[in-house]
Amino acid sequence: MAINYVCRHCRTHQGVIDSRGISESRLGLDALTPEERRDIIAYDFNGEMIVNVTCDHCREALEANPELSLLASPLQ
């Protein structure tokens with residue numbers, strides 16, 4: 001099973017980790033609250049984990065234009 005990192009705003013693929021031998025605690029995912037887990041982690045139809053992150057481009061755009069965070073899909 002792979003862990004895929006995808007930008008939550010522009011849906012750009014950020015990377016993948018082969019999860020064999022990698023625990024959630026090593027990735028820091030065990031520190032998430034149940035609410036954060038629902039917001040950040042999803043699973044695709046193959047059962048692979050998708051971790052929603054914010055890429056550098058979207059982070060910079062949101063920092064420069066904070067009003068974009070009020071929109072449901074600001075950078076798609």
Exercise. Would you say the side chain of Met49 lies within less than 4.5 Å of the side chain of Asn4, judging by non-hydrogen atoms?
Worked result: no
Problem set entry | Beyond-backbone contact of Thr54 with Arg8, side-chain heavy atoms, under 4.5 angstrom | yes
Exercise. Are more than 12 heavy atoms from other residues, nucleotides or ligands located less than 6.0 Å from atom CD of Glu35?
Worked result: no
For this session: Indicate yes or no for a side-chain donor-acceptor contact from Arg37 to the backbone of Leu29 under 3.5 Å, with no hydrogens or angles considered.
Result: yes
For this session: Check whether any side-chain heavy atom of Ile40 lies under 4.5 Å from a side-chain heavy atom of Leu32, and answer yes or no.
Result: yes
For this session: Indicate if Val53 and Ile3 have the same hydrophobic cluster label, given that clusters are the connected sets of ILVMFWY residues with side-chain heavy-atom separations under 4.5 angstrom.
Result: yes
Problem set entry | Backbone of Asn46 reached by a side-chain donor or acceptor of Asp44 within 3.5 Å | yes
For this session: Spell out, as yes or no, whether a donor-acceptor pair under 3.5 Å connects the side chain of Glu36 to the backbone of Thr33.
Result: yes
Problem set entry | Separation between CG of Asp39 and CG of Asn52, rounded to the nearest 0.5 Å | 7.5 Å
For this session: Mind checking the CD1-CZ spacing from Ile50 to Arg11? Nearest 0.5 Å is all I need.
Result: 7.0 Å
For this session: Starting at SG of Cys7, measure out to NE2 of His13 and round the result to the nearest 0.5 Å.
Result: 12.0 Å
Problem set entry | Heavy-atom closest contact (Cys58 atom, His9 atom, distance) | SG-CB, 3.7 Å
Exercise. Just how far is it from atom CD of Glu48 to atom CG of Asp18, taken to the nearest 0.5 Å?
Worked result: 9.0 Å
Problem set entry | Check: Leu27 and Ile17 side chains under 4.5 Å, non-hydrogen atoms | yes
Problem set entry | Shortest non-hydrogen contact from Val16 toward Ala2 | CG2-CB, 3.7 Å
